[in-house]
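The next block holds one structure in the form of structure tokens; read it before the comments.
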Amino acid sequence: MFLARKDKPCFLVCLAVSQLTFILLLYRRGASSVFQGIFGAYPGWDYSKTQDVYTNLSLFVPDSEAVKTQYCPVKSPILVGPLTISVTKPPSLKKIQLKNRYVQSGGYFSPRHCFGRYRTAVIIPHRNRESHLRTLLYYLHPFLQRQQLHYTIFVVHQAGNATFNRAKLLNVGVREALRYDDWDCLISHDVDLVPENDYNLYVCDDLYPKHLSSAMDKFQYSLPYWTYFGGVSALTPDQFMKINGFPNTYWGWGGEDDDIALRIRLSGMSMTRTPLNLGRYKMIPHDRDSGNEENSHRHNLLRNTRLNWRDDGMNSLDFHLISREKTLLYTNITVDIGDAPVMPTKARRWQFF
Ligand code: BGN
């Protein structure tokens, strides 16, 4: 009795410390990776041993006699895992084209030996980042081909000098992409993020929106916070419409990804996430763009998401399409999405009164 009472405080402290450590691990590394770590459901990846991103693609030299009769396997047999990525010197468009001979006009590809099981549209919002785009295309095309996807890359280019609006460009990208094919999966992809492991499949989860870029080098390969949904994500067209698309009202940097995360919850869904040992991305280093300054209204907008999400999104999307052009490596959508509304700042209100 005496012993038990004496030991109790130590036991409670130990329990509290272990619980705290567990919660901290869950927060920093994500539930799936912690549970996989404990139960060993997935192999550990060794990122010190990487392979060239074009490995194995030569196995798929087209045979003019061959007739496609079957769907591609659920899991591609030629994935390699961790990839060698260097983001310092952007390759030329010519080099990317030569390396990707079977990519067709508009950045479209379909496996030659089998029917692609999944149809994926990759949508990249863009302005003034040509060198980043080249680096991404160099790595993304072989990455998607090895996954044996039927895919197209769409680049949505914001024309003019208005403040950048990532989420609205993505809405335009989805509306345009859906004119071309019956996509199973819509991937929103930042131009400066390069995936590091080809087992990170660009395929949607049937049930819930999926966050793919769960471990970026800029955040020391962990989540910056639990509800983070920025970078690269995958939604089926149904999931996308269920949240009324993305908000059109976030001009400049920040907050729109949090709004999307909130929409997912408000529409009754959860999000899934690529495990942290797979969802690794290298960010191409750069300074903050001019024309994409921090959005000072983002906190206020986020406070109102609950009220506004049903009216701000795909059902209120307006834009002026300037051109649709199929280049050799991607479909380029150039669009005028208008200008940020003039909103009173605190300083102005102060002057007014
Ligand atoms: C967050 C930003 C996200 C951004 C991440 C990572 C906001 C809203 C504040 C309430 N959110 O802070 O948009 O993706 O950082 O950089 O600023």
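Atoms within a ligand are numbered from 1 in the order they appear, just like the ligands themselves.
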| Arg298 N/O under 3.5 Å from ligand 1 N/O | yes
| field | Polar atom proximity, His299 to ligand 1 (N or O, under 3.5 Å) | value | no
| Atom CG of Asn315: over 12 foreign heavy atoms under 6.0 Å | yes
| remark: shortest atom 16 (O) of ligand 1-to-protein heavy-atom contact is with Trp253 CZ2, 3.5 Å
| Heavy atom of Gly255, distance to ligand 1 below 4.0 Å | yes
| So is Asp258 polar-close to ligand 1, meaning N/O to N/O under 3.5 Å? | yes
| atom 1 (C) of ligand 1: which protein heavy atom is closest, and how many Å away? | Tyr225 OH, 3.5 Å
| remark: The residue among Leu328, Ile333, Thr327 that forms side chain to side chain contact (heavy atoms under 4.5 Å, CB included) with Tyr330 is Thr327
| query | Contact between Gly254 and ligand 1, counting heavy atoms under 4.0 Å? | reply | yes
| remark: Within 4.0 Å of some non-hydrogen atom of Leu302, the atoms of ligand 1 are 8 (C), 10 (C)
| message | Val191 and side chain to side chain contact (heavy atoms under 4.5 Å, CB included): which single residue from Thr135, Leu137, Leu133 fits? | response | Leu133
| message | Tell me if a side-chain donor or acceptor on Lys210 pairs with a main-chain N or O of Tyr202 at a distance below 3.5 Å. | response | no
| note | So for Phe219 against ligand 1, with non-hydrogen atoms under 4.0 Å, the contacting part is side chain
| remark: From the list Asn244, Thr249, Asn248, Asn171, side chain to side chain donor-acceptor pair (under 3.5 Å) with Ser316 holds only for Asn248
| request: Give a yes or no on whether the backbone of Trp253 and the side-chain of Asn295 come within a donor-acceptor separation of less than 3.5 Å. | output: no
| Who's the nearest protein heavy-atom neighbour of atom 4 (C) of ligand 1, and how far? | Asp257 OD2, 3.5 Å
| task | Verify salt bridge (charged side-chain N to carboxylate O under 4.0 Å, His left out) between Asp192 and Arg129, making sure each step is shown before the conclusion. | result | CA-CA 9 Å; Asp192 53 1; Arg129 297 274 202 97; 3.7 Å; yes
